[in-house]
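Numbered from 1 within each chain, the chains take letters A, B, ... in sequence-line order. Computed from a prediction, not measured in an experiment: that's the story for all the values here.
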Protein chains: 2
Amino acid sequence: MTQAAFFVLTALADQPRHGYGILREVEELSDGTVQLRVGTLYGVLDRLTSGGLIVLDREEVQQGRLRRYYRLTDEGVRALEAEADRLAAGAGAAKRRIAEGRRAPGAALPPATGPGLAGGLA
Amino acid sequence: MTQAAFFVLTALADQPRHGYGILREVEELSDGTVQLRVGTLYGVLDRLTSGGLIVLDREEVQQGRLRRYYRLTDEGVRALEAEADRLAAGAGAAKRRIAEGRRAPGAALPPATGPGLAGGLA
DNA sequence: ACGATATATATCGGCTTCCGATATACATAA
DNA sequence: TTATGTATATCGGAAGCCGATATATATCGT
């Protein structure tokens with residue numbers, strides 16, 4: 001699953017939202033660190049719909065502007081949970097390894113004189 | 001940062017590794033959930049090198065086979081830490097939102113009295 | 001009244017990235 | 001001698017991302 005798809009699913013996880021709302025919500029929930037682009041959004045929405053992870057929930061006209069709301073399917077919720085677990089595991093692995101690397105200085109220093117490093121870690 | 005780049009950096013976080021070793025390590029550290037492809041690897045390695053996040057550590061010839069070891073730069077360590085934080089935050093947000101969505105049943109149910117399209121699951 | 005900004009949809013084309021296939025080469029096991 | 005594993009790398013098609021663009025309405029400031 002792509003980053004963009006993950007954040008779209010996350011934005012939809014608590015309630016149905018329309019395209020523009022997803023855009024704003026992703027920015028907000030990521031504290032501004034992820035900026036989902038308009039040109040990216042509709043392709044993602046189409047792929048997630050085709051994949052059965054989201055469905056069109058309803059269409060509303062508010063103040064003369066069309067709003068097209070999407071929501072997660074049960075499969076979408078499951079996929080998002082699985083992806084969240086995967087990301088959390090990846091993040092945890094990275095953190096642990098950084099700590100290990102700092103304990104074993106060879107990793108962040110110029111190569112030692114001999115070929116025989118690659119010690120017992122990992 | 002792409003997924004592939006993140007996992008390459010993670011594989012290198014504890015010690016220098018060569019290309020093929022990165023491939024196996026990514027699969028192992030992710031419990032088989034991430035399969036970095038050979039065709040993807042070298043492009044990623046080039047981009048990370050150009051970006052200053054990794055450097056060529058050394059080259060060894062073991063049993064007639066060349067091994068080209070890469071290691072993280074200090075900047076690479078910092079970038080990996082930042083990305084790990086970002087991913088962990090994203091994963092946490094997703095989990096929290098799924099829980100919220102389950103408290104608010106409207107999100108996972110068919111629209112009330114709507115035009116009746118797209119019933120249950122896809 | 002007019003222009004800028006915000007809301008809201010969507011498409012297009014270029015660029016980056018991904019990945020299966022392919023190629024080369026040596027070691028080991030069946 | 002055939003297959004599998006280790007190890008490098010490239011190529012081309014496909015997928016995905018994103019800036020630019022288009023359309024339309026509402027609001028706010030000047």
Side-chain angles (χ1 to χ4, degrees), chain A residues 1-12 15-28 30 32-51 53-54 56-71 79 83 86 90 115 118 122, chain B residues 1-9 11-12 15-28 30 32-51 53-54 56-71 79 83 86 90:
Chain A
M1 183 183 305
T2 65
Q3 299 277 114
F6 170 76
F7 279 103
V8 168
L9 292 183
T10 301
L12 294 177
Q15 62 178 266
R17 292 179 198 276
H18 57 94
Y20 193 79
I22 293 172
L23 248 31
R24 285 177 304 163
E25 190 62 19
V26 166
E27 186 159 8
E28 199 182 309
S30 71
T33 60
V34 179
Q35 282 208 323
L36 184 63
R37 309 293 169 157
V38 188
T40 306
L41 177 67
Y42 293 99
V44 173
L45 249 23
D46 287 346
R47 269 171 261 139
L48 289 176
T49 300
S50 298
L53 302 189
I54 65 174
L56 182 60
D57 185 69
R58 67 189 189 276
E59 289 177 345
E60 283 178 7
V61 178
Q62 292 273 330
Q63 295 157 321
R65 300 191 209 94
L66 176 65
R67 286 181 177 177
R68 190 160 286 154
Y69 285 80
Y70 294 86
R71 61 179 164 85
E83 185 71 6
R86 251 187 78 252
Chain B
M1 182 182 303
T2 65
Q3 299 278 114
F6 170 75
F7 279 102
V8 168
L9 293 183
L12 294 177
Q15 63 178 265
R17 291 177 199 278
H18 56 95
Y20 192 80
I22 293 172
L23 249 30
R24 284 177 305 165
E25 190 63 20
V26 166
E27 185 160 9
E28 197 182 310
S30 70
T33 60
V34 179
Q35 282 208 320
L36 183 62
R37 309 293 170 157
V38 187
T40 306
L41 177 67
Y42 294 98
V44 173
L45 249 23
D46 288 345
R47 270 170 258 139
L48 290 176
T49 301
S50 298
L53 302 189
I54 65 176
L56 182 61
D57 185 67
R58 68 189 188 277
E59 290 178 344
E60 283 179 7
V61 178
Q62 292 276 328
Q63 295 158 324
R65 298 190 210 94
L66 177 65
R67 288 181 177 176
R68 189 162 287 153
Y69 286 79
Y70 295 87
R71 61 178 164 88
E83 185 70 6
R86 249 188 81 250

**Request:** Starting from the 5' end of DNA chain D, give me the residue, A:Gly64 or A:Val38, whose nearest nucleotide shows up first.
**Result:** A:Val38
Think [X] has a side-chain N or O under 4.0 angstrom from the OP1 or OP2 of [N]?
X       : N      : result
A:Arg47 : D:dC17 : yes
A:Tyr20 : C:dA6  : no
A:Arg67 : C:dT9  : no
A:Arg24 : C:dA6  : no

For a quick check of understanding: with a heavy-atom distance under 4.0 Å over all strands, which category does [X] fall into, base, sugar-phosphate or nothing?
X       : value
B:Thr2  : sugar-phosphate
B:Arg65 : base
A:Val44 : sugar-phosphate

**Asked** Where each residue is assigned the nucleotide of DNA chain C containing its nearest heavy atom, which of A:Gly43 and A:Leu66 is assigned the position nearer the 5′ end?
**Response** A:Leu66
Rounded to whole Å, how long is the line connecting atom [atom1] of [X] with atom [atom2] of [N]?
X       : N      : atom1 : atom2 : result
B:Leu56 : D:dA7  : CG    : C1'   : 15 Å
A:Leu45 : C:dA10 : CG    : C1'   : 11 Å
B:Leu41 : C:dC19 : CG    : P     : 12 Å
B:Phe7  : C:dC19 : CZ    : P     : 12 Å
B:Gln62 : D:dT8  : CD    : P     : 12 Å
B:Glu25 : D:dA7  : CD    : P     : 13 Å
A:Tyr42 : D:dA20 : OH    : P     : 18 Å
A:Tyr70 : C:dT9  : OH    : P     : 8 Å

**Item:** Carboxylate-amine/guanidinium proximity below 4.0 Å for A:Glu25 and A:Arg17
**Value:** yes
**Message:** Tell me whether B:Glu83 is salt-bridged to B:Arg86, with the criterion being a basic N under 4.0 Å from an acidic carboxylate O.
**Reply:** yes
**Message:** By nearest atom, which of the nucleotides C:dC19, C:dT9, D:dC17 is closest to the A:Ala4 side chain?
**Reply:** D:dC17
**Complete:** Per atom distances to the A:Gln63 side chain, the nearest of C:dT9, D:dA26, C:dA27 is D:dA26
**Message:** Rounded to the nearest 0.5 Å, what separates atom OH in A:Tyr70 from atom CD1 in A:Ile54?
**Reply:** 6.5 Å
**Request:** Would you give the length of the straight line joining atom NE2 of A:His18 to atom CG of A:Leu23, rounded to the nearest 0.5 angstrom?
**Result:** 10.0 Å
**Request:** Could you walk me through whether B:Leu56 and B:Thr49 pass side-chain contact (heavy atoms from CB on, under 4.5 Å), step by step?
**Result:** CA-CA 8 Å; B:Leu56 182 61; B:Thr49 301; over 6 Å; no
